[in-house]
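When reading the values below, keep in mind they use all heavy atoms of this one structure, side chains included, and skip hydrogens, waters and symmetry mates. FYI, the numbering just counts along the sequence from 1. None of the values given here were measured: they were computed from a predicted structure. In listed order, ligands and their atoms are each counted from 1.
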Amino acid sequence: MTITLRWGILGAGNISSQFVFDLLLSNERKSETHHVVGSIGCSNKQKGQDFITANKITEANNYGVVPVVQSYQELYDNPDIDIVYIGTPHTYHREQAIGCLNGNKHVLCEKPMTVNKKEAEELFALAKSKKKFFMEAVWTRFFPAVKELRQKVYDEKVIGEVHRLFADFSYYADVTKLPTSSRVRDRTLAAGALLDIGIYPLTYSRILLDDKVGDEHTKFEFKSFMTLDPVDKVDHLSSIIIKYENGKHAILSTSELIDGPKAYIRLEGTKGWAEMYSDNPARAKHFKIFFKDGREPIEYKDESGYNGFIYEANAIAQDISDGKLENDTIPHAETLLVMGVMDQIRKENGLVYDQDN
Ligand SMILES: NC(=O)C1=CN([C@@H]2O[C@H](COP(=O)(O)OP(=O)(O)OC[C@H]3O[C@@H](n4cnc5c(N)ncnc54)[C@H](OP(=O)(O)O)[C@@H]3O)[C@@H](O)[C@H]2O)C=CC1
Ligand SMILES: O=C1OC[C@@H](O)[C@H](O)[C@H]1O
């Protein structure tokens with residue numbers, strides 16, 4: 001059955017471009033789900049027009065629709081939009097999500113959904129009261145590669161008993177050359193590695209060491225270290241060790257000061273190990289499984305041509321069509337679990353944002 005979802009894109013920046021790319025490619029490929037970009041909500045109308053041009057959104061790849069460019073408020077009030085994708089810095093998510101929900105829109109909100117768990121709880125409560133779908137856009141969870149790896153490791157048990165995961169998201173951001181107003185540096189934009197990229201190693205520990213999500217999750221404890229930058233007063237270097245109650249360990253690291261290892265995931269079992277590779281560890285597209293007995297490794301590559309946002313977008317279209325208010329892969333309770341862990345890590349290491357007070 002064809003499902004049509006009419007998107008408003010809030011914020012005409014970096015990630016919104018990458019998201020829209022996938023929707024348009026899916027349309028060009030005549031996929032079953034029709035993703036119509038109906039509005040670009042933008043702080044500046046010319047910038048919104050430039051976004052449409054730069055991203056080549058045309059009637060031909062957008063089911064006959066040329067998007068309108070609107071202010072954020074006009075987007076909230078637009079009756080021709082079903083769902084808004086929020087692609088702005090972390091600290092704006094709360095206020096913009098409230099605007100969308102009050103305008104009766106479903107919401108897909110970029111990660112981290114909010115600055116802390118308290119704000120996320122507030123948004124989920126509002127979404128429920130408005131009977132609107134709400135999801136944090138942790139796209140990594142939806143990649144076919146993740147499903148395939150879990151199938152091999154947990155259903156087929158190809159690497160035997162799994163005991164340990166190493167997961168990293170680090171890149172050399174050349175921080176001191178960035179303006180202090182950059183969202184990588186600015187504490188008032190909730191900068192810092194943990195919230196921006198550390199959320200991914202945490203996510204991998206959730207999806208590769210636990211087969212349950214949200215309220216059903218396997219219990220775990222953790223210890224963490226952050227190095228706070230003396231100028232920016234945020235973490236550009238953080239490390240976390242998790243111990244699940246079934247004994248499995250996750251050793252997680254994140255940094256904006258150094259490049260991470262080529263194999264950003266190493267999942268270790270008694271008979272072998274799996275590695276994942278990517279220039280962006282959020283994009284789970286390529287893994288290899290190695291065997292201690294010398295058997296030929298198993299390799300998986302996602303060569304779909306998508307950035308990877310289409311996987312979450314299609315899942316959401318199905319959920320909304322089914323009348324669901326949250327997604328089973330990342331239900332509200334799972335977002336709250338991870339947000340709570342990040343709150344605790346920051347608390348242990350003295351990283352406080354204004355929103356915490
Ligand atoms: N899923 C993923 O892999 C990724 C997710 N992200 C997430 O997406 C969000 C946006 O990141 P990204 O696209 O890189 O950000 P950008 O710096 O490209 O900004 C995106 C938009 O946010 C608005 N904006 C930017 N700076 C400010 C500011 N100082 N004050 C008010 N509004 C501002 C602008 O909206 P306008 O156009 O209306 O002016 C801008 O176009 C973040 O929360 C980030 O965590 C980011 C990268 C990858
Ligand atoms: O989510 C993200 O993934 C890629 C990073 O480069 C980016 O800063 C971050 O927001």
Side-chain angles (χ1 to χ4, degrees), residues 8-22 39-52 54-55 67 69-76 84-97 99 107-115 119-120 135-143 168-175 178-204 234 236 254-256 259-260 264 278-285 306-313 330 338-339 342 353 355:
I9 306 295
L10 197 155
N14 158 44
I15 200 62
S16 295
S17 291
Q18 296 184 45
F19 183 78
V20 163
F21 174 92
D22 271 17
S39 168
I40 310 299
C42 190
S43 61
N44 171 299
K45 296 250 162 138
Q46 186 55 52
K47 188 177 173 194
Q49 286 299 344
D50 293 346
F51 181 91
I52 293 173
N55 290 287
V69 176
Q70 302 189 290
S71 68
Y72 298 155
Q73 187 61 52
E74 286 167 342
L75 170 55
Y76 305 150
V84 177
Y85 170 78
I86 299 179
T88 55
H90 322 334
T91 45
Y92 291 92
H93 296 173
R94 175 183 170 273
E95 138 200 354
Q96 292 166 346
V107 178
L108 172 62
C109 182
E110 259 310 330
K111 42 56 57 181
M113 178 171 144
T114 45
V115 175
E119 289 189 338
M135 195 184 100
E136 182 190 23
V138 188
W139 60 320
T140 309
R141 291 179 183 256
F142 294 85
F143 278 73
D168 176 81
F169 193 148
S170 300
Y171 73 106
Y172 175 63
D174 208 354
V175 170
L178 294 172
T180 50
S181 60
S182 154
R183 73 172 187 84
V184 173
R185 300 191 64 184
D186 188 346
R187 207 187 60 83
T188 69
L189 295 177
L194 178 68
L195 257 57
D196 197 38
I197 50 177
I199 191 172
Y200 293 111
L202 276 172
T203 295
Y204 281 108
V234 299
H236 295 308
T254 185
S255 179
E256 291 152 337
D259 288 322
Y264 70 93
S278 179
D279 54 355
N280 173 355
R283 264 182 226 203
K285 285 193 166 187
Y306 289 111
N307 288 322
F309 297 95
I310 197 64
Y311 306 124
E312 64 179 357
I330 178 165
V338 175
M339 291 298 318
M342 295 199 295
Y353 296 117
Q355 290 77 1

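- Checked by distance only, ligand 1 and G13 come closer than 3.5 Å through their nitrogen or oxygen atoms.
- Counting protein heavy atoms only, atom 3 (O) of ligand 1 is closest to W139 NE1, 3.1 Å.
- Judged purely by atom type and a 3.5 angstrom limit, E136 uses its side chain to pair as donor or acceptor with the backbone of M113.
- Although no hydrogens or angles enter the test, the distance criterion places no donor-acceptor pair under 3.5 Å between the side chain of S39 and the main chain of G8.
- Both the backbone and the side chain of K111 come within contact range of ligand 1, each with a heavy atom under 4.0 Å.
- Residues K111 and W139 form no side-chain contact, since every pair of their non-hydrogen atoms from C-beta on lies 4.5 Å or further apart.
- Residue-ligand proximity, K111 to ligand 2, at heavy-atom distances under 4.0 Å covers atoms 1 (O), 2 (C), 9 (C), 10 (O).
- Side-chain polar atoms of S278 and N280 form no donor-acceptor pair below 3.5 angstrom.
- For ligand 1, the atoms sitting less than 4.0 Å from at least one non-hydrogen atom of K47 are 34 (C), 35 (O), 36 (P), 37 (O), 39 (O), 40 (C), 41 (O), numbered in the order shown with element in parentheses.
- Scanning the protein heavy atoms around atom 9 (C) of ligand 1, the nearest turns out to be T88 O, 3.1 Å.
- Heavy atoms of H93 come nearer than 4.0 angstrom to ligand 1 in at least one pair.
- At least one heavy atom of D196 sits less than 4.0 Å from an atom of ligand 1.
- The shortest contact between atom 8 (O) of ligand 2 and any protein heavy atom is with D196 OD2, 2.8 Å.
- Inter-residue side-chain proximity for V234 and Y353 is flagged as met; some heavy-atom pair is nearer than 4.5 Å.
- Among F19, Y200, F51, Y92, the residue whose heavy atom lies nearest to atom 2 (C) of ligand 1 is Y200.
- In terms of N/O distances under 3.5 Å, ligand 1 is not approached by L189.
- Among all heavy-atom pairs drawn from P201 and D168, the shortest one is CG-C, 3.9 Å.
- In summary, the atoms of ligand 1 found under 4.0 Å from a heavy atom of G11, numbered by their order in the structure, are 35 (O), 37 (O), 38 (O).
- In this structure, atom 22 (O) of ligand 1 lies nearest to the protein heavy atom P89 CD, 3.2 Å.
- Numbered from 1 in the order shown, with element, the atoms of ligand 2 that lie under 4.0 Å from a heavy atom of Y200 read 1 (O), 2 (C), 3 (O).
- Below 3.5 Å of separation, one finds no N or O of N280 facing any N or O of ligand 1.
- Heavy atoms of E110 found under 4.0 angstrom from ligand 1 belong exclusively to the side chain.
- Distance from atom 16 (P) of ligand 1 to its nearest protein heavy atom, with residue and atom name: N14 N, 4.3 Å.
- Looking at atom 4 (C) of ligand 2, its nearest protein heavy atom turns out to be F169 CZ, 3.8 Å.
- Minimum interatomic distance between E256 and V175 (heavy atoms only, all atoms of both residues): O-CG2, 3.6 Å.
- No donor-acceptor distance shorter than 3.5 angstrom exists from the side chain of N307 to the backbone of D22, with no hydrogens or angles considered.
- Remark: minimum distance from atom 37 (O) of ligand 1 to any protein heavy atom is reached at A12 N, 2.7 Å.
- Of all heavy-atom pairs between K285 and F143, the closest is CG-CE2, 3.9 Å.
- Counting only heavy atoms of the protein, atom 38 (O) of ligand 1 lies nearest to Y72 OH, 2.5 Å.
- Looking only at atom types and distance, the side chain of Y264 has no donor-acceptor partner in the side chain of Y200 under 3.5 Å away.
- The shortest N or O to N or O distance between I15 and ligand 1 is below 3.5 Å.
- Between the side chain of S170 and the backbone N or O of G260, no donor-acceptor pair lies under 3.5 Å.
- Using a 4.0 Å cut-off between heavy atoms, E110 makes no contact with ligand 2 at all.
- In this structure, F309 has a heavy atom closer than 4.0 Å to ligand 1.
- For S43, a nitrogen or oxygen atom sits less than 3.5 Å from a nitrogen or oxygen atom of ligand 1, counting backbone and side chain alike.
- The shortest heavy-atom contact between V107 and A97 is CG2-O, 4.5 Å.
- Close contacts of ligand 1 with H90, meaning ligand atoms under 4.0 Å from a residue heavy atom, involve 42 (C), 43 (O), 44 (C), 45 (O).
- Atom 46 (C) of ligand 1 has as its closest protein heavy atom R183 NH2, 3.3 Å.
- Shortest non-hydrogen contact noted between H90 and P112 is ND1-CD, 3.2 Å.
- Of all protein heavy atoms, the one lying nearest to atom 20 (C) of ligand 1 is G87 O, 3.3 Å.
- Taking each heavy atom of F51 and G13 in turn, the nearest pair found is CE1-O, 3.9 Å.
- Aromatic ring centroids of Y85 and F309 lie 6.0 Å or more apart.
- Side-chain N/O atoms of Q18 and N14 include a donor and acceptor closer than 3.5 Å.
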